[in-house]
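Heads up: the structure comes next, in structure tokens.
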Protein chains: 2
Amino acid sequence: MSTRREAVHQALTASSGFRSAQDLYADLRADGSKIGLTTVYRALQALSDSGDVDVLRTDEGEAVYRACDTENHHHHLVCRVCSTAVEIEGPAVERWAAEIGAQHGFTGVTHTVEVFGTCAECSKG
Amino acid sequence: MSTRREAVHQALTASSGFRSAQDLYADLRADGSKIGLTTVYRALQALSDSGDVDVLRTDEGEAVYRACDTENHHHHLVCRVCSTAVEIEGPAVERWAAEIGAQHGFTGVTHTVEVFGTCAECSKG
DNA sequence: CAAGTTTTGACAACCATTTTCGTTTTCGCC
DNA sequence: GGCGAAAACGAAAATGGTTGTCAAAACTTG
């Protein structure tokens, strides 16, 4: 793992929620790094390929990334204000998705599940 | 509902799976319509605002649309080859998502659930 | 230090989507 | 049927996230 890739991974780990590539680029530059935007994208792609970070799309189509604690398949509960994310697991959902697929004769079934809301902290204001 | 919007809605209804705005534009032009790309986007936005069509994002970030049979909240089982979509309902998932959100103090909880796979027909080939 | 390989980053290219803006169509009203 | 305002339309340009290009920089190895 090259130095730049480590820097991106670290910047991601330092933040609690999902960040976009552009966000991370801004973070790194703000910290004095001379990294380029291209490299941030490359690092994120490599990290997601190797399973070190999770990727998902916002409703606006922007890709956002997060360094996750567990390596297992899991989903997220994301605050739509501060974008803090909680990792959640749902055995029931996994089973349900597999079952639905099988019922309709589908093979190679995968699924995406993301839950959005406003977290307790942000609900106060 | 204007004529153009009807045309877009009809083109969408005529197809069994999810189509992108660009796909629909190509379809309509192929049918001899002189519709513009701008109008297709506007029609789709209006249709999704009024709840007449469902929108979701592919993994590549492209927005895809579908005219659905029921007006209720539901999800889809989409073939990743021919993009045929089956409407599915999962009371269990709805409950699960609401519960998870509540457990973590989140308010205004919403969720996105999409299931992808290869349909029986496309699995044959 | 030299030659070869990998990584980097400024910049241009892409592509879906949105905005702009002048033109056309629609619709209510005479 | 004719008129004018308002809405709809569409071509072209702008936007913005993401990817491709390519030469320079950094690292490796002999």
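So you know, we letter chains A, B, ... as the sequences are listed, proteins then strands, and number each from 1. Since the model is a prediction, treat every value here as computed from it, not as a measurement.
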Exercise for the section: Please determine if a side-chain N or O atom of Arg42(A) lies less than 4.0 Å away from the OP1 or OP2 oxygen of dG9(C). Expected result: no

Practice task
Can you tell me the distance, in whole Å, between the CZ atom of Arg57(B) and the P atom of dT17(C)?
Solution key: 6 Å

Practice task
Rounded off to whole Å, could you give me the CD-to-C1' distance for the Gln45(B) and dA16(C) pair?
Solution key: 13 Å

Exercise for the section: Let me know the distance between CG of Leu37(A) and C1' of dG17(D), rounded to the nearest Å. Expected result: 9 Å

Practice task
Figure out the OH/P separation between Tyr25(B) and dT18(C), and round it to whole Å.
Solution key: 16 Å

Completion exercise
So ring pair (Phe, Tyr, Trp, His ring centres under 6.0 Å) across residues 17-36 of chain B, not counting sequence neighbours, yields Phe18(B)-His76(B)

Exercise for the section: Write down the distance between CG (Leu44(A)) and C1' (dT19(D)), rounded to a whole number of angstrom. Expected result: 13 Å

Exercise for the section: Say whether Ser123(B) and Thr118(B), considering side chains only, have a donor N or O and an acceptor N or O under 3.5 Å apart. Expected result: no

Practice task
Give a yes/no on whether any side-chain N or O of Thr38(B) is located under 4.0 angstrom from OP1 or OP2 of dC9(D).
Solution key: no

Problem - Check: Glu89(B)/His73(B) side-chain N/O donor and acceptor closer than 3.5 Å - result: no

Exercise for the section: From the options dT8(C), dT17(C), dG17(D), select the nucleotide whose nearest atom is closest to the side chain of Gln22(B). Expected result: dT17(C)

Exercise for the section: Could you tell me the separation between the CD atom of Glu62(A) and the P atom of dT19(D), rounded to a whole number of Å? Expected result: 12 Å

Exercise for the section: Would you tell me if any nitrogen or oxygen in the side chain of Thr39(A) comes within less than 4.0 Å of OP1 or OP2 on dG9(C)? Expected result: yes

Problem - Arg5(A) side-chain N/O to dT8(C) phosphate OP1/OP2 under 4.0 Å - result: no

Handout entry: Sidechain N-carboxylate O distance under 4.0 Å for Glu60(B), Arg57(A)
Key = no

Exercise for the section: Send over the distance from Leu24(B) CG to dA16(C) P, rounded to a whole Å. Expected result: 13 Å

Problem - Tyr41(A) vs dT19(D): side-chain N/O to OP1/OP2 distance below 4.0 Å - result: no

Problem - Interatomic distance, Asp23(B) CG vs dC15(C) P [rounded to whole Å] - result: 15 Å

